[in-house]
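Have a look at the structure below before the remarks.
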2 protein chains.
Amino acid sequence: MKTKDEIIRVALKLFNRRGTRRVTTNHIAAEASISPGNLYYHFRNKEAIIRDIFVRMDETGRGMFAAIFSKSPDPAERMEAAFRSIQAFNRRFIFFKRELPALVMGDPKVKKLYLASHRAHLAMIGSLVDESVESGYLKPMDGSERRAFAELSWFLALYWINYLEVSGEPIDDRGIQRGIALSRFLLEAVRSPSSRG
Amino acid sequence: MKTKDEIIRVALKLFNRRGTRRVTTNHIAAEASISPGNLYYHFRNKEAIIRDIFVRMDETGRGMFAAIFSKSPDPAERMEAAFRSIQAFNRRFIFFKRELPALVMGDPKVKKLYLASHRAHLAMIGSLVDESVESGYLKPMDGSERRAFAELSWFLALYWINYLEVSGEPIDDRGIQRGIALSRFLLEAVRSPSSRG
DNA sequence: GTCTATAGCTGGATAGAC
DNA sequence: GTCTATCCAGCTATAGAC
(Lines give C-alpha, C1' and ligand atoms only; values in the text may rest on other atoms or scores of the structure.)
Protein backbone atom coordinates (compact mmCIF):
# COMPACT_ATOMS: atom_id res chain seq x y z
CA MET A 1 0.00 0.00 0.00
CA LYS A 2 1.08 3.54 -0.74
CA THR A 3 2.47 5.38 2.25
CA LYS A 4 -0.14 8.08 1.97
CA ASP A 5 -2.97 5.57 2.15
CA GLU A 6 -1.34 3.87 5.09
CA ILE A 7 -1.11 7.16 6.94
CA ILE A 8 -4.81 7.71 6.35
CA ARG A 9 -5.70 4.21 7.43
CA VAL A 10 -3.71 4.46 10.64
CA ALA A 11 -4.87 7.99 11.38
CA LEU A 12 -8.51 6.96 11.07
CA LYS A 13 -7.94 4.05 13.42
CA LEU A 14 -6.26 6.24 16.04
CA PHE A 15 -8.74 9.10 15.69
CA ASN A 16 -11.61 6.70 16.23
CA ARG A 17 -9.90 5.27 19.27
CA ARG A 18 -8.68 8.41 21.02
CA GLY A 19 -10.01 11.49 19.22
CA THR A 20 -8.20 13.97 16.99
CA ARG A 21 -7.13 15.98 20.01
CA ARG A 22 -5.12 13.32 21.76
CA VAL A 23 -3.66 11.75 18.64
CA THR A 24 -0.53 13.60 17.53
CA THR A 25 1.25 13.46 14.20
CA ASN A 26 4.03 11.66 16.05
CA HIS A 27 1.62 8.95 17.15
CA ILE A 28 0.38 8.51 13.61
CA ALA A 29 3.90 8.30 12.21
CA ALA A 30 4.93 5.78 14.86
CA GLU A 31 1.88 3.59 14.29
CA ALA A 32 2.45 3.74 10.54
CA SER A 33 6.13 2.85 11.10
CA ILE A 34 7.43 5.91 9.33
CA SER A 35 9.28 9.00 10.52
CA PRO A 36 7.50 12.23 11.50
CA GLY A 37 9.38 13.96 8.70
CA ASN A 38 8.03 11.52 6.18
CA LEU A 39 4.49 12.12 7.35
CA TYR A 40 4.99 15.80 6.66
CA TYR A 41 6.23 14.98 3.19
CA HIS A 42 2.83 13.49 2.41
CA PHE A 43 0.63 15.94 4.31
CA ARG A 44 1.03 19.62 4.90
CA ASN A 45 -0.21 19.32 8.49
CA LYS A 46 -2.54 17.44 10.78
CA GLU A 47 -5.59 19.30 9.54
CA ALA A 48 -4.85 18.12 6.01
CA ILE A 49 -4.96 14.52 7.20
CA ILE A 50 -8.34 15.04 8.80
CA ARG A 51 -9.62 16.74 5.69
CA ASP A 52 -8.38 13.93 3.50
CA ILE A 53 -10.17 11.37 5.65
CA PHE A 54 -13.28 13.46 5.38
CA VAL A 55 -13.11 13.62 1.59
CA ARG A 56 -12.72 9.86 1.37
CA MET A 57 -15.55 9.39 3.82
CA ASP A 58 -17.76 11.63 1.77
CA GLU A 59 -17.07 9.72 -1.43
CA THR A 60 -17.72 6.41 0.28
CA GLY A 61 -20.92 7.74 1.74
CA ARG A 62 -22.30 9.11 -1.50
CA GLY A 63 -21.78 5.82 -3.25
CA MET A 64 -23.29 3.89 -0.40
CA PHE A 65 -26.40 6.00 0.00
CA ALA A 66 -27.05 6.05 -3.71
CA ALA A 67 -26.92 2.26 -3.70
CA ILE A 68 -29.28 2.01 -0.75
CA PHE A 69 -31.89 4.31 -2.14
CA SER A 70 -31.88 2.90 -5.62
CA LYS A 71 -32.82 -0.54 -4.38
CA SER A 72 -36.53 -0.85 -3.89
CA PRO A 73 -38.10 -3.76 -2.10
CA ASP A 74 -40.76 -3.04 0.51
CA PRO A 75 -40.34 0.58 1.73
CA ALA A 76 -40.27 -0.44 5.39
CA GLU A 77 -37.52 -2.94 4.76
CA ARG A 78 -35.63 -0.42 2.73
CA MET A 79 -35.81 2.10 5.50
CA GLU A 80 -34.54 -0.43 7.96
CA ALA A 81 -31.68 -1.48 5.70
CA ALA A 82 -30.80 2.15 5.11
CA PHE A 83 -30.73 2.85 8.83
CA ARG A 84 -28.48 -0.10 9.40
CA SER A 85 -26.07 0.90 6.64
CA ILE A 86 -25.88 4.46 7.88
CA GLN A 87 -25.06 3.28 11.39
CA ALA A 88 -22.30 1.02 10.12
CA PHE A 89 -20.95 3.92 8.11
CA ASN A 90 -21.12 6.31 11.06
CA ARG A 91 -19.38 3.79 13.20
CA ARG A 92 -16.56 3.38 10.73
CA PHE A 93 -15.92 7.13 10.88
CA ILE A 94 -17.10 7.62 14.42
CA PHE A 95 -14.48 10.17 15.35
CA PHE A 96 -16.01 12.47 12.79
CA LYS A 97 -19.48 12.10 14.24
CA ARG A 98 -18.15 12.69 17.72
CA GLU A 99 -16.35 15.87 16.78
CA LEU A 100 -18.80 17.02 14.13
CA PRO A 101 -19.25 20.63 15.27
CA ALA A 102 -15.57 21.31 15.84
CA LEU A 103 -14.50 19.71 12.57
CA VAL A 104 -17.21 21.24 10.42
CA MET A 105 -16.97 24.69 11.93
CA GLY A 106 -13.20 24.68 12.16
CA ASP A 107 -12.34 24.02 8.52
CA PRO A 108 -14.13 25.98 5.76
CA LYS A 109 -13.38 23.32 3.14
CA VAL A 110 -14.82 20.58 5.29
CA LYS A 111 -17.80 22.76 6.05
CA LYS A 112 -18.54 23.34 2.39
CA LEU A 113 -18.32 19.66 1.54
CA TYR A 114 -20.35 18.67 4.55
CA LEU A 115 -23.16 21.06 3.74
CA ALA A 116 -23.34 19.84 0.16
CA SER A 117 -23.51 16.28 1.34
CA HIS A 118 -26.08 17.10 4.01
CA ARG A 119 -28.35 18.74 1.44
CA ALA A 120 -27.94 15.90 -1.00
CA HIS A 121 -29.02 13.40 1.63
CA LEU A 122 -32.03 15.42 2.64
CA ALA A 123 -33.05 15.79 -0.98
CA MET A 124 -32.64 12.06 -1.58
CA ILE A 125 -34.82 11.19 1.39
CA GLY A 126 -37.26 13.88 0.34
CA SER A 127 -37.82 12.39 -3.08
CA LEU A 128 -38.13 8.95 -1.56
CA VAL A 129 -40.89 10.27 0.67
CA ASP A 130 -42.60 11.91 -2.30
CA GLU A 131 -42.55 8.65 -4.21
CA SER A 132 -43.97 6.74 -1.27
CA VAL A 133 -46.79 9.19 -0.87
CA GLU A 134 -47.58 9.05 -4.57
CA SER A 135 -47.55 5.26 -4.56
CA GLY A 136 -50.00 5.27 -1.67
CA TYR A 137 -47.65 3.56 0.75
CA LEU A 138 -47.57 6.67 2.92
CA LYS A 139 -50.68 8.62 3.79
CA PRO A 140 -51.37 11.88 1.93
CA MET A 141 -49.20 14.67 3.33
CA ASP A 142 -48.59 18.27 2.42
CA GLY A 143 -45.09 19.65 1.81
CA SER A 144 -44.32 20.65 5.37
CA GLU A 145 -45.39 17.28 6.74
CA ARG A 146 -43.27 15.48 4.19
CA ARG A 147 -40.28 17.61 5.04
CA ALA A 148 -40.80 17.07 8.75
CA PHE A 149 -40.89 13.32 8.32
CA ALA A 150 -37.86 13.30 6.02
CA GLU A 151 -35.81 15.54 8.27
CA LEU A 152 -36.69 13.66 11.43
CA SER A 153 -35.68 10.40 9.80
CA TRP A 154 -32.38 11.82 8.69
CA PHE A 155 -31.82 13.48 12.04
CA LEU A 156 -32.35 10.20 13.82
CA ALA A 157 -29.99 8.28 11.55
CA LEU A 158 -27.36 10.99 11.87
CA TYR A 159 -27.18 11.22 15.66
CA TRP A 160 -28.26 7.82 16.82
CA ILE A 161 -24.78 6.36 17.27
CA ASN A 162 -23.69 9.45 19.13
CA TYR A 163 -26.72 9.21 21.38
CA LEU A 164 -26.02 5.57 22.15
CA GLU A 165 -22.46 6.39 23.06
CA VAL A 166 -23.12 9.29 25.41
CA SER A 167 -26.02 7.40 26.98
CA GLY A 168 -23.57 4.74 28.02
CA GLU A 169 -25.11 2.07 25.80
CA PRO A 170 -22.82 -0.22 23.84
CA ILE A 171 -22.83 0.28 20.09
CA ASP A 172 -23.93 -3.21 19.22
CA ASP A 173 -26.78 -4.89 17.44
CA ARG A 174 -29.13 -4.29 20.29
CA GLY A 175 -28.43 -0.58 20.26
CA ILE A 176 -28.92 -0.37 16.50
CA GLN A 177 -32.13 -2.32 16.90
CA ARG A 178 -33.39 0.26 19.36
CA GLY A 179 -32.74 2.94 16.79
CA ILE A 180 -34.60 0.96 14.16
CA ALA A 181 -37.54 0.69 16.52
CA LEU A 182 -37.65 4.47 16.75
CA SER A 183 -37.47 4.89 12.99
CA ARG A 184 -40.29 2.35 12.67
CA PHE A 185 -42.31 4.35 15.12
CA LEU A 186 -41.82 7.36 12.86
CA LEU A 187 -42.77 5.39 9.80
CA GLU A 188 -45.92 4.02 11.42
CA ALA A 189 -47.02 7.57 12.07
CA VAL A 190 -47.17 8.30 8.36
CA ARG A 191 -48.19 4.96 6.88
CA SER A 192 -51.43 5.01 4.96
CA PRO A 193 -54.05 2.79 6.62
CA SER A 194 -54.30 0.65 3.50
CA SER A 195 -50.60 -0.26 3.50
CA ARG A 196 -50.60 -1.66 7.02
CA GLY A 197 -50.14 -5.37 7.55
CA MET B 1 -18.17 38.62 42.49
CA LYS B 2 -15.91 35.96 43.90
CA THR B 3 -12.84 35.23 41.81
CA LYS B 4 -13.82 31.61 41.48
CA ASP B 5 -17.21 32.50 40.06
CA GLU B 6 -15.63 35.00 37.72
CA ILE B 7 -13.27 32.35 36.40
CA ILE B 8 -16.22 30.08 35.73
CA ARG B 9 -18.18 32.82 34.05
CA VAL B 10 -15.30 33.79 31.76
CA ALA B 11 -14.34 30.19 31.02
CA LEU B 12 -17.90 29.38 29.94
CA LYS B 13 -17.94 32.39 27.65
CA LEU B 14 -14.63 31.46 26.03
CA PHE B 15 -15.44 27.75 25.78
CA ASN B 16 -18.69 28.59 24.03
CA ARG B 17 -16.87 30.86 21.63
CA ARG B 18 -13.82 28.79 20.77
CA GLY B 19 -14.11 25.33 22.28
CA THR B 20 -12.28 23.81 25.25
CA ARG B 21 -9.42 22.75 23.05
CA ARG B 22 -8.37 26.17 21.84
CA VAL B 23 -9.03 28.00 25.08
CA THR B 24 -6.07 27.74 27.44
CA THR B 25 -5.85 28.47 31.13
CA ASN B 26 -3.78 31.52 30.18
CA HIS B 27 -6.60 32.83 28.02
CA ILE B 28 -9.07 32.38 30.83
CA ALA B 29 -6.82 34.12 33.33
CA ALA B 30 -6.21 37.03 30.96
CA GLU B 31 -9.89 37.46 30.21
CA ALA B 32 -10.70 37.33 33.90
CA SER B 33 -7.94 39.88 34.56
CA ILE B 34 -6.08 37.67 36.98
CA SER B 35 -2.73 35.92 36.83
CA PRO B 36 -2.33 32.33 35.65
CA GLY B 37 -0.98 31.49 39.07
CA ASN B 38 -4.11 32.78 40.73
CA LEU B 39 -6.26 30.67 38.47
CA TYR B 40 -4.39 27.62 39.68
CA TYR B 41 -4.97 28.66 43.24
CA HIS B 42 -8.70 28.29 42.62
CA PHE B 43 -8.70 25.26 40.35
CA ARG B 44 -6.45 22.24 40.29
CA ASN B 45 -6.37 22.22 36.49
CA LYS B 46 -8.34 22.93 33.36
CA GLU B 47 -10.37 19.75 33.66
CA ALA B 48 -11.55 20.86 37.08
CA ILE B 49 -12.90 24.08 35.56
CA ILE B 50 -14.82 22.14 32.94
CA ARG B 51 -16.19 19.80 35.56
CA ASP B 52 -17.25 22.69 37.75
CA ILE B 53 -19.12 24.28 34.87
CA PHE B 54 -20.79 20.97 34.22
CA VAL B 55 -21.92 20.58 37.81
CA ARG B 56 -23.41 24.07 37.81
CA MET B 57 -25.06 23.37 34.46
CA ASP B 58 -26.55 20.19 35.82
CA GLU B 59 -28.00 21.92 38.87
CA THR B 60 -29.44 24.70 36.74
CA GLY B 61 -30.93 22.16 34.38
CA ARG B 62 -32.59 20.06 37.02
CA GLY B 63 -34.28 23.06 38.52
CA MET B 64 -35.37 24.31 35.15
CA PHE B 65 -36.80 21.03 33.88
CA ALA B 66 -38.62 20.38 37.11
CA ALA B 67 -40.25 23.80 36.79
CA ILE B 68 -41.22 23.19 33.17
CA PHE B 69 -42.79 19.84 33.76
CA SER B 70 -44.67 20.81 36.88
CA LYS B 71 -46.56 23.54 35.07
CA SER B 72 -49.56 22.16 33.28
CA PRO B 73 -51.51 24.17 30.78
CA ASP B 74 -52.45 22.56 27.47
CA PRO B 75 -50.04 19.65 26.83
CA ALA B 76 -49.13 20.89 23.35
CA GLU B 77 -48.25 24.31 24.68
CA ARG B 78 -46.30 22.77 27.48
CA MET B 79 -44.31 20.67 25.05
CA GLU B 80 -43.55 23.73 23.01
CA ALA B 81 -42.50 25.76 26.03
CA ALA B 82 -40.34 22.89 27.21
CA PHE B 83 -38.65 22.62 23.84
CA ARG B 84 -37.95 26.32 23.85
CA SER B 85 -36.50 26.28 27.35
CA ILE B 86 -34.30 23.33 26.58
CA GLN B 87 -32.91 25.05 23.50
CA ALA B 88 -32.13 28.20 25.46
CA PHE B 89 -30.42 26.07 28.06
CA ASN B 90 -28.43 24.14 25.48
CA ARG B 91 -27.39 27.36 23.86
CA ARG B 92 -26.17 28.80 27.12
CA PHE B 93 -23.89 25.78 27.55
CA ILE B 94 -23.37 25.10 23.91
CA PHE B 95 -19.71 24.12 24.19
CA PHE B 96 -20.82 21.20 26.26
CA LYS B 97 -23.31 20.04 23.66
CA ARG B 98 -20.71 20.42 20.93
CA GLU B 99 -18.13 18.36 22.74
CA LEU B 100 -20.55 16.00 24.44
CA PRO B 101 -18.85 12.70 23.55
CA ALA B 102 -15.34 13.85 24.40
CA LEU B 103 -16.36 15.46 27.67
CA VAL B 104 -18.63 12.68 28.83
CA MET B 105 -16.32 9.86 27.83
CA GLY B 106 -13.17 11.63 28.98
CA ASP B 107 -14.07 12.30 32.61
CA PRO B 108 -15.62 9.53 34.73
CA LYS B 109 -17.15 11.99 37.19
CA VAL B 110 -18.82 13.92 34.40
CA LYS B 111 -19.98 10.68 32.85
CA LYS B 112 -21.63 9.52 36.04
CA LEU B 113 -23.43 12.82 36.57
CA TYR B 114 -24.47 13.01 32.95
CA LEU B 115 -25.96 9.53 32.92
CA ALA B 116 -27.94 10.20 36.08
CA SER B 117 -29.29 13.39 34.57
CA HIS B 118 -30.06 11.70 31.26
CA ARG B 119 -32.07 9.01 33.00
CA ALA B 120 -33.89 11.49 35.16
CA HIS B 121 -34.98 13.43 32.09
CA LEU B 122 -36.15 10.34 30.26
CA ALA B 123 -38.11 9.24 33.31
CA MET B 124 -39.69 12.68 33.67
CA ILE B 125 -40.80 12.70 30.06
CA GLY B 126 -41.94 9.12 30.39
CA SER B 127 -44.30 9.89 33.26
CA LEU B 128 -45.57 12.93 31.41
CA VAL B 129 -46.44 10.68 28.48
CA ASP B 130 -48.14 8.20 30.77
CA GLU B 131 -50.26 10.94 32.28
CA SER B 132 -51.24 12.25 28.87
CA VAL B 133 -52.29 8.82 27.71
CA GLU B 134 -54.31 8.26 30.85
CA SER B 135 -56.00 11.62 30.52
CA GLY B 136 -56.98 10.76 26.95
CA TYR B 137 -54.98 13.55 25.39
CA LEU B 138 -52.71 11.03 23.69
CA LYS B 139 -54.05 7.99 21.93
CA PRO B 140 -53.80 4.62 23.71
CA MET B 141 -50.28 3.24 23.42
CA ASP B 142 -48.45 0.25 24.82
CA GLY B 143 -45.19 0.58 26.76
CA SER B 144 -42.86 0.35 23.81
CA GLU B 145 -44.77 2.98 21.85
CA ARG B 146 -44.76 5.30 24.82
CA ARG B 147 -41.05 4.85 25.30
CA ALA B 148 -40.39 5.41 21.61
CA PHE B 149 -42.32 8.65 21.64
CA ALA B 150 -40.68 9.86 24.85
CA GLU B 151 -37.19 9.00 23.68
CA LEU B 152 -37.63 10.55 20.26
CA SER B 153 -38.87 13.75 21.84
CA TRP B 154 -35.93 13.91 24.18
CA PHE B 155 -33.50 13.00 21.42
CA LEU B 156 -34.83 15.81 19.27
CA ALA B 157 -34.58 18.39 22.05
CA LEU B 158 -31.10 17.19 22.93
CA TYR B 159 -29.51 17.41 19.48
CA TRP B 160 -31.53 20.05 17.71
CA ILE B 161 -29.20 22.95 18.40
CA ASN B 162 -26.23 20.89 17.34
CA TYR B 163 -28.02 19.92 14.16
CA LEU B 164 -28.84 23.54 13.35
CA GLU B 165 -25.24 24.51 13.84
CA VAL B 166 -23.62 21.87 11.69
CA SER B 167 -26.29 22.35 9.04
CA GLY B 168 -25.12 25.93 8.70
CA GLU B 169 -28.39 27.38 9.97
CA PRO B 170 -28.26 30.27 12.41
CA ILE B 171 -29.38 29.48 15.93
CA ASP B 172 -32.17 32.00 16.05
CA ASP B 173 -35.88 32.04 16.54
CA ARG B 174 -36.53 30.68 13.10
CA GLY B 175 -34.27 27.71 13.71
CA ILE B 176 -35.90 26.97 17.06
CA GLN B 177 -39.28 27.27 15.36
CA ARG B 178 -38.26 24.62 12.86
CA GLY B 179 -37.40 22.33 15.74
CA ILE B 180 -40.74 22.99 17.34
CA ALA B 181 -42.44 22.10 14.07
CA LEU B 182 -40.72 18.71 14.16
CA SER B 183 -41.72 18.09 17.74
CA ARG B 184 -45.28 19.04 16.82
CA PHE B 185 -45.16 16.55 14.00
CA LEU B 186 -44.18 13.91 16.54
CA LEU B 187 -46.95 14.96 18.87
CA GLU B 188 -49.58 14.88 16.11
CA ALA B 189 -48.61 11.29 15.44
CA VAL B 190 -49.72 10.25 18.91
CA ARG B 191 -52.61 12.62 19.61
CA SER B 192 -55.90 10.94 20.24
CA PRO B 193 -58.47 11.86 17.57
CA SER B 194 -60.77 13.36 20.17
CA SER B 195 -58.15 15.85 21.42
CA ARG B 196 -57.54 17.40 18.02
CA GLY B 197 -58.64 20.93 17.38
C1' DG C 1 -5.58 35.59 47.62
C1' DT C 2 -2.81 37.34 44.30
C1' DC C 3 1.28 38.23 41.90
C1' DT C 4 5.76 37.29 38.93
C1' DA C 5 8.72 34.21 37.04
C1' DT C 6 9.79 30.16 35.17
C1' DA C 7 10.38 25.16 34.97
C1' DG C 8 9.18 21.41 32.23
C1' DC C 9 7.11 19.39 28.65
C1' DT C 10 4.73 18.30 24.40
C1' DG C 11 3.71 18.57 19.85
C1' DG C 12 3.64 20.80 15.28
C1' DA C 13 6.53 21.59 11.75
C1' DT C 14 11.06 22.27 9.05
C1' DA C 15 16.01 21.57 7.28
C1' DG C 16 19.02 19.01 5.06
C1' DA C 17 21.38 14.50 4.33
C1' DC C 18 20.72 10.22 1.97
C1' DG D 1 10.48 9.19 -0.53
C1' DT D 2 12.45 8.62 3.64
C1' DC D 3 15.33 9.55 7.45
C1' DT D 4 17.51 12.13 11.63
C1' DA D 5 17.89 16.03 14.13
C1' DT D 6 16.07 19.85 15.91
C1' DC D 7 13.84 24.32 16.36
C1' DC D 8 10.18 26.82 18.18
C1' DA D 9 5.79 28.04 20.06
C1' DG D 10 2.60 27.39 23.37
C1' DC D 11 0.70 25.32 27.20
C1' DT D 12 0.21 23.35 32.00
C1' DA D 13 1.48 23.74 36.39
C1' DT D 14 4.45 25.11 40.33
C1' DA D 15 7.54 28.00 43.46
C1' DG D 16 7.99 31.58 46.21
C1' DA D 17 7.44 36.61 47.25
C1' DC D 18 4.04 39.86 48.79
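Labels below follow one simple rule: chain letters A, B, ... track the order of the sequence lines, proteins then strands, and each chain is numbered from 1.
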(message) What is the separation between atom CG on A:L39 and atom P on D:dT2, rounded to the nearest whole Å?
(response) 11 Å
(message) From NZ of B:K4 over to C1' of C:dG1, roughly how many Å is that when rounded to an integer?
(response) 13 Å
(request) May I ask you to decide if the ring planes of A:F54 and A:Y114 are parallel, tilted or perpendicular, using 30° and 60° as cut-offs? (result) tilted
(request) Sugar-phosphate atoms are those with a prime plus P, OP1 and OP2; base atoms are the rest. Using that split, label each nucleotide of nucleotides 4-18 of chain D B, S or - for protein heavy atoms under 4.0 Å, 5' to 3'. (result) B------SBBB----
(message) Within the structure provided, determine whether B:F149 and B:V133 are in side-chain contact (heavy-atom separation under 4.5 Å).
(response) no
(request) Answer yes or no: is there a donor N or O on one side and an acceptor on the other, between the side chain of A:W160 and the main chain of A:G175, under 3.5 Å? (result) yes
(message) Testing the 3.5 Å rule here: is there a donor-acceptor pair between the side chains of B:N26 and B:T24?
(response) no
(message) Rounded to whole Å, please give me the gap between CZ in A:F43 and P in C:dG11.
(response) 20 Å
(request) Sorted by first residue and then second, give each side chain to side chain donor-acceptor pair (under 3.5 Å) pair with at least one member in residues 91-104 of chain A; sequence neighbours left out. (result) A:T20-A:E99, A:N90-A:K97, A:R98-A:E165
